[in-house]
Every structure is written in structure tokens, then in C-alpha cells.
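Inspection log for the structure reproduced underneath, given as C-alpha cells.
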2 protein chains.
Amino acid sequence: MIMSPLIQTFVLHFGEMGSRWGINRTVGQIYALLFVSERPLNADEMADALGFSRSNISMGLKELMSWRLVKLQHLPGDRREYFSAPEDIWAIFRTLAEERRKREIDPTLSMLRDALMAKPATDAEKHAQARLKEMHDLIELTTDWFSDVQKLDSKTLAQLMKMGGKVTKLLEIKDRLLLGLGGKGPEEQETNG
Amino acid sequence: MIMSPLIQTFVLHFGEMGSRWGINRTVGQIYALLFVSERPLNADEMADALGFSRSNISMGLKELMSWRLVKLQHLPGDRREYFSAPEDIWAIFRTLAEERRKREIDPTLSMLRDALMAKPATDAEKHAQARLKEMHDLIELTTDWFSDVQKLDSKTLAQLMKMGGKVTKLLEIKDRLLLGLGGKGPEEQETNG
DNA sequence: CTGAATTTTCAGTAATTCTTGAAACATCTT
DNA sequence: AAGATGTTTCAAGAATTACTGAAAATTCAG
């Protein structure tokens, strides 16, 4: 299979980026290729297109499967395994986030909690624990929030994001409501910009 | 300088995590050490505590400075350079996000935009471009949103995050307001839960 | 069951990235 | 300006990670 220059550029860039994020180049390229492909691909096609050995592709796919980032399917009358990336890019994003959480965030939080249980023996330890507490709380806050937000459907999520910093406007409105509906009316409508 | 077991565990874990995120172990450990330290440290102290060579520390610090993650200062009557991590952990988080954006997100967006300019020659390219557009939009949306939210002060940000998925409640209220203030009154107050 | 097709494993090699000591460089003190 | 102190650079060696081909394992058709 021959990749058009357009696709090739993307695949190469993505592989490069992957390697900056602790994902190996092969895996990044495989995923990029699957992501833009209009149909599922089998391992030989990928090996051919990317110029990697068959076994390298096999390992890359194994990795991607452990991340739940690829779907495996069979084509009628063909024994080979065909792979594809999910249609919904938000779903990809979520899966990535979930897996990363499970693999990296959770163990880190657990380590921090353990460290916080110990009785500080010195001033240095007391200070260190205070810092670890800050880190723990920040991580917990951001990931809990993230997992909450993640549960929203794509449409709501997009709507929310499009508002950007303007969510604060909503917070102000909320506060005003809670204060007993004093204050101003709906002239706050540019909130929707 | 001798690290207590508590600090050592943290430093080691952080170095390990770093290496999963494309940050080398030394750099991760240096930062962890600075993060929990109650006072600024000089390069020799770090080399000693972590068991790395002086030159390795020097390179690590250079890297951390390029990320704007450490502050350099001088102590009165001491010619050596002392380093520390910012007090405010949110500030650290923001800096990290900004730098990562500058280095990785922006170039990726630019590559995607370029790819989208090309006239698709084949069906495969047409499909690929549609996918790249999805990716471009997702990245742009999330990063724009992130940079907006990033500008909020820490307190507002924390407030927002503590709400988690409940922000949708705010959206509902907003929609109701925009629909001309029909609908219900302030009995929606559990929004604050 | 047999054998063809396909996939996975794995040990060895290749490539990359990390780490170091030595030398160069810089800055201060006298 | 010389010497002391401190920092950076860099080439080479060490360690890690990626990649491959060959062999083993699996799957399926007949």
C-alpha cells in the first residue's frame, strides 16, 4: 500500500509526537495510519505502508489493543485480522485519558497517599509532606473533574468548551441566583459568544 | 545531602513517571527534589542527593530552565547558583501546560492546517482530510478552552473543578435564562452540591 | 488429524538516549 | 592579571529501548 504525501506527513509527524509522549514511534505511526484510513487494515498492509517489519507491527498492535484504542474485526471470506480506530474522535480521547489515568495517575495518587500517612520525623519531612499534599489535591481535583466532565455527551462537552473562560459568567449568575435573585436580569446574554 | 526514605520514594517515583512522559529520569528526579525541598538547592547538593554527576545535573537544570519550571537565585555571600520550584503548584501546572502547548500542540495544529489546505486527489485523501479536520478541531477546541480556563485565578478554577459534571446544571440554567426567563425559579439550588 | 495461513514470541542486533569525566568557559577575589 | 571557584560543553562509553528475522504457536479448512 502506498501512502499519499499528505498522509505520509501526518503519519510521520504523529510518530514523532508520540515519541515525545513516551509512545514509541512505530505505535504512533500505526495509529495515525489507522486513524486516517477509510477502511480497516490488516497487519501486512500496515507493515508495507510504514516500512516496518511484520513483527514490529504485531507488537505495536498488541500495545494499542492494551490501550483499547483499536477495534479488531474480520472481513467475510478473509482469515486475516483487520484493525481500525474508533469513528468518534472524542471516544478516542476519552479512552486515552482513562487508560492514562489508570496506569499513571492512580498509582501516583496511591504513592502520595502512602507518603502522607507517615509521621514526619523532621522539619524537612513536614515540609515535604505539605508539598505532597498540595500535589495530591491538585491531581485528585483535576482528575476527578476530568472524569466527571468526560461522562458528558460529546455535544454538551463541546458546548461547554466553546464557552471557554466564560463559564465564570455562569458562576456569577449562579451566585447571584443563590443570593436570592437580587441583581441584574438576562442582559448577561453575551455569555453565549 | 541525605534524603529521607519518604522523600526518596517520591523522587524515585517521579523520575519513573517522568520517563513515561518523555522526560528523562534525571530531570524528573531533580524536579521532584526541588519541589519538596524547603530551601533552594545548588547543583552540588542535588548531584550529591541524587547520585548523579555534576554535569548531568547541569544539563537537567538547563532543561528545566528552558521549561521555565525553576527559579534561579543567589544567596548572600555565596557564589553558587541556587534553584527552586515555584511555591504555587497551580502556577507550575500552568507553565507546564503552556510550554507543552508551545512545543507540541502548536506545531501539530500548524501541520494539520497545512494538510487541510491541499486539494484532495483521491477518495482516500478526502477521507483522511475529514479525519484530520476532526482532529484539528478537537485539539483546537480543547487547547483554546484550556488556555481560557488557565487564565482564571486559582480560586475560581478550583471552584469550577469542584463542581465537576454539575457544570451542566449551569448550562441548563443559562439556556432557561436565554429562553426568556420562563420556567422555574431558584429551586434549582442543589446545583451547588 | 494435516497442513496451509496467519499471528506471536523472543533472542540478538541496531538505534537512540542517557550519563559521565575532562576540558573549556565564565566569574569573582585579591 | 592570576588564581580560585563555579558552570557548561562535549565526545565517548553505558544503558535503554526499538526493531528484526526466524521459529513457535495458533487458527482454520478440509
Side-chain angles (χ1 to χ4, degrees), chain A residues 1 11-34 40-67 70-84 103-104, chain B residues 1 11-34 40-67 70-84 103-104:
Chain A
M1 198 175 80
V11 163
L12 259 38
H13 181 101
F14 205 87
E16 210 45 59
M17 271 310 145
S19 70
R20 288 215 206 173
W21 282 79
I23 291 155
N24 95 30
R25 220 175 76 251
T26 315
V27 174
Q29 292 192 14
I30 292 174
Y31 206 65
L33 182 60
L34 289 177
L41 301 177
N42 67 48
D44 283 320
E45 290 173 314
M46 299 183 228
D48 177 33
L50 301 174
F52 291 122
S53 72
R54 182 52 234 269
S55 54
N56 202 1
I57 299 289
S58 173
M59 285 171 141
L61 288 170
K62 187 178 165 190
E63 176 82 5
L64 286 170
M65 295 215 288
S66 84
W67 283 82
V70 289
K71 261 186 332 205
L72 166 59
Q73 60 201 285
H74 285 276
L75 262 46
D78 191 333
R79 268 176 64 186
R80 287 169 297 183
E81 298 182 318
Y82 282 78
F83 297 85
S84 58
R103 292 161 188 235
E104 286 142 22
Chain B
M1 199 175 79
V11 163
L12 259 39
H13 181 102
F14 206 87
E16 210 45 60
M17 272 311 145
S19 71
R20 289 213 204 173
W21 283 80
I23 290 155
N24 96 26
R25 222 174 75 252
T26 316
V27 174
Q29 293 193 14
I30 293 175
Y31 205 65
L33 182 60
L34 289 177
L41 302 177
N42 67 49
D44 283 320
E45 290 174 313
M46 298 182 229
D48 178 33
L50 300 174
F52 291 121
S53 72
R54 183 51 235 271
S55 54
N56 201 0
I57 299 289
S58 172
M59 285 173 140
L61 288 170
K62 187 180 165 188
E63 176 81 6
L64 285 169
M65 295 214 289
S66 84
W67 283 81
V70 289
K71 261 188 329 207
L72 166 60
Q73 59 201 287
H74 284 276
L75 263 46
D78 191 335
R79 270 173 62 184
R80 287 169 296 182
E81 299 182 318
Y82 282 79
F83 297 85
S84 59
R103 291 162 188 233
E104 286 143 21

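These figures come from a predicted structure and were not determined experimentally. Scope of the values below: all heavy atoms of this structure, side chains included, with no hydrogens, waters or symmetry mates.
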Under 3.5 Å donor-acceptor, His74(B) side chain and Arg80(B) backbone: yes
N/O (side chain, Ser58(A)) to phosphate O (OP1/OP2, dT9(C)) under 4.0 Å: no
Under 4.0 angstrom between Ser55(B) side-chain N/O and dT9(D) OP1 or OP2: no
For atom CG of Asp78(A) and atom P of dA4(C), their distance in whole Å: 19 Å
Length of the line joining Leu61(B):CG and dT8(D):P, which is rounded to integer Å: 8 Å
Given DNA chain D, 5'-ward residue of the pair Phe52(A) and Arg80(B), judged by closest heavy atom: Arg80(B)
CA sep, side-chain torsions, deciding dist, call: Leu61(A), Phe83(A), side-chain contact (heavy atoms from CB on, under 4.5 Å): CA-CA 9 Å; Leu61(A) 288 170; Phe83(A) 297 85; 3.5 Å; yes
side-chain contact (heavy atoms from CB on, under 4.5 Å) assessment of Glu16(A) paired with Arg20(A): CA-CA 7 Å; Glu16(A) 210 45 59; Arg20(A) 288 215 206 173; 5.8 Å; no
Distance test, side-chain N/O of Arg25(A) to OP1/OP2 of dT17(D), below 4.0 Å: no
Atom pair distance, as rounded to whole Å: CD in Glu63(A) and P in dT7(C): 19 Å
Between dT20(D) (P) and Asp44(A) (CG): distance, integer Å: 14 Å
N/O (side chain, Arg54(A)) to phosphate O (OP1/OP2, dT7(C)) under 4.0 Å: yes
Contact under 4.0 Å: Asn24(A) side-chain N or O vs dC19(D) OP1/OP2: yes
Distance in angstrom units between Asn56(B) CG and dC10(D) P, rounded: 16 Å
Distance-minimising heavy-atom pair for Gly15(B) and Arg25(B): O-CG, 3.7 Å
Option among Thr26(A), Asn56(A), Ile57(A) that satisfies the side chain to side chain contact (heavy atoms under 4.5 Å, CB included) test with Met46(A): Ile57(A)
Extract from the structure each pairing of a protein N or O with an N or O of nucleotides 26-28 of chain C at less than 3.5 Å, listing the distance.
unit_1: dT27(C); atom_1: O2; unit_2: Arg79(B); atom_2: NH2; d: 2.7

Test side-chain contact (heavy atoms from CB on, under 4.5 Å) applied to Val70(A) and Tyr31(A), step by step: CA-CA 8 Å; Val70(A) 289; Tyr31(A) 206 65; 3.7 Å; yes
d(CE, Met59(A); C1', dG21(D)) in whole Å: 12 Å
Distance in angstrom units between Ile23(B) CD1 and dT16(D) P, rounded: 19 Å
Phosphate OP1/OP2 of dT7(C): any Lys62(A) side-chain N/O under 4.0 Å: no
Glu81(B) CD to dT7(D) C1', straight-line distance once rounded to whole Å: 7 Å
Test log, rule side-chain contact (heavy atoms from CB on, under 4.5 Å), inputs Gln29(B) and Phe52(B): CA-CA 10 Å; Gln29(B) 293 193 14; Phe52(B) 291 121; 3.4 Å; yes
Presence of donor-acceptor pair under 3.5 Å, side chain of Ser53(B) and base of dG21(C): no
